[in-house]
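A note on names: the letters A, B, ... follow the listed sequences, proteins ahead of strands, and every chain is numbered from 1. The shown structure was predicted, so the numbers you read here are calculated from the model rather than taken from an experiment.
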Amino acid sequence: MKDEFDKLIDSAKNLELGSAEKEDIKNVLLSHIEKTPVRIGAEMRLNNIKSARSLSILELLSLRSIFIKNMAIALIVVLLVSGGASFAAEGALPGDVLYPVKVGINEEVVAALTINSEAKANWNARVAERRLEEAETLAARGALDADASAKIAANFDEHAERVHERIARFETEKNLKAASNVSSNFETSLRAHENILNRIAESKTEVEIEVRPIIDKVRIKIDESEKNRTRLEVSVEARTNGEFKAAAEGKINAAENKIAETKHFIQQNKDSVEAETATKAEAELKLAESAVAEGRAKMEAEAYGEAFVLSQKAIRITQNAKLIMQAEKQFEIEIGIPPLHLRGESQVKARADFGGQESGSVREDETKSESEIDVESSMETETNVGPRGDSSNVKSESKVKIDLGL
Amino acid sequence: MTENFIKSYDNHSDELFRFAYFRIRDRELAKDLVQDSFIRTWNYITAGREIENFRAFLYRTLRNLVIDESRKKKSASLDALADEGFDPADSFRKIELEHRLDSKNTIDKLSALNEDDREIIVMRFINELGPKEIAEILGESENVVSVRINRALKKARELFTKTVENQKFNF
């Protein structure tokens, strides 16, 4: 027989938030979460909210949900966890002992750890790009032979093909945003590297014959990419309803961040490149800023699809400038930046004073989908070593700053 | 990751709300404090810090916020509450009529307990937390908590039985 107290308690248990109230608070939380970046250590903890036990290395590797968006971080984890060989392999070139580790293990592990399909597509693009970088490095040394060239070309082709397959899939799924992002980034990368390879071939004529086949393959992929991109642009621009609003806002912010970061890069590296290139790069950034300003105007006019497309353009222009400067610095060859129309870009409207800002708040998801990242990550690992009663408990904290410059 | 955090919100927001509400008896404020504690918890996590017991952490955070609040304003008298015209009926699920009639009653009655006793009653009996977890939240030993629980329970039973008995004789 329940006494008054018990009845009181039962009654009190019924007190709760109304569903609308709960939703309202949840929305506030979600928008706060969006504004606050999560570092990799923190992601691990969020995953283990219920359990406070330490993780074995295997569990660590199988915490796939960590790596949903950022394959660059996935790569870093792989490198740190697998130890010296994987890390050293990252610098390997065709013909090096560790090259198979780089291609066969590191790249495969990252691919396996990447869940999000846009991230997977971007990773394939990145791998294709790595092949081109290897070709560039070898060619610049005059060390690119027929064998390496063939291997590189084949692997490049394979991954580039996958990128386009994924883009096609995104289109079928009506995921215009992903299709658009991936194809825009990939095209930029391809164009920049075609340019670089051409210049290197011109200056190192002894390897020109080996570089040509690779350049030809790149050219084919560029044409395909450009077709994808322009087709997608038409679709995206037609989207005037709100669905692209958030995406456009994010993209504009990403563009502004990229411009700011590249400005800084140009400043830092002015002395390592041809004067003309640095000047041209800065001019390119002005064009990018105009595109962003135009994008913001489109946002005002609620033409979100167009705003999105314009921001992508701004990012392409900026990314291209950065890649060229990086390559000039690395290979000590003049490469130069060709005019917009030679890169499949329409002209950019001259910049009226829109009061363009230079820095926007960082939108985590947008910046992470770009495959070039300066990553500063801190990872804390607790590993239980020794399965047989050996209770040695290794606690390691490693901070890594890796610039995965393209 | 974020999903786990949101899941945590789904699971614990009601009990945290109850905890705050029975202390400060201001619905809007209670909601704000609950929201605030989740935000602070998120910030704590994204700063890279470790949380062993998530629920306890939320409670501790909320409790601190509640304590800060009550330092700011004096606790409302029961009359003042009536003046404000707050209606807890909307907080309650559709339940039997007798319980609904009791709802305002419930809050009045619980308010008759002192802060510490009420807090323990809410945590142990209404939110059904274990003594160990309560100890963790309050930062006391389990023994101390058990003693507090028993004392509060005794007082509560006395208080409510007496009230009912008094009521019986009211015409």
| If every non-hydrogen atom of A:Gly18 is compared with every non-hydrogen atom of B:Arg27, which pair is closest and at what distance? |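 Minimum heavy-atom separation between A:Gly18 and B:Arg27: N-NH2, 3.9 Å.
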
| field | Shortest non-hydrogen contact from B:Arg18 toward A:Leu15 | value |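 Here B:Arg18 and A:Leu15 meet closest at NH1-O, 2.8 Å.
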
| field | Pairing of A:Asp6 and B:Arg157 as salt bridge, 4.0 angstrom limit | value |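 Salt bridge: yes.
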
| field | Check against side chain to side chain contact (heavy atoms under 4.5 Å, CB included), A:Val28 and B:Ile39 | value | CA-CA 9 Å; A:Val28 172; B:Ile39 289 185; 4.2 Å; yes

How many angstroms lie between atom [atom1] of [X] and atom [atom2] of [Y], to the nearest 0.5 angstrom?
{"X": "A:Leu17", "Y": "B:Tyr21", "atom1": "CG", "atom2": "OH", "answer": "11.0 Å"}
{"X": "B:Gln35", "Y": "A:His32", "atom1": "CD", "atom2": "NE2", "answer": "10.0 Å"}
{"X": "B:Phe38", "Y": "A:Leu29", "atom1": "CZ", "atom2": "CG", "answer": "7.0 Å"}

| field | Residues in residues 117-132 of chain B near chain A [non-hydrogen atoms, under 4.5 Å] | value |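 B:Ile121, B:Phe125, B:Ile126, B:Glu128, listed by number.
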
| field | Side-chain donor or acceptor of B:Tyr9 paired with backbone N/O of A:Lys22 under 3.5 Å | value |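 A pair under 3.5 Å: yes.
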
| task | Decide yes or no on salt bridge (Lys or Arg N to Asp or Glu O under 4.0 Å) for A:Asp24 and B:Lys31, but give the supporting numbers first. | result | CA-CA 10 Å; A:Asp24 286 342; B:Lys31 273 162 47 183; 5.9 Å; no

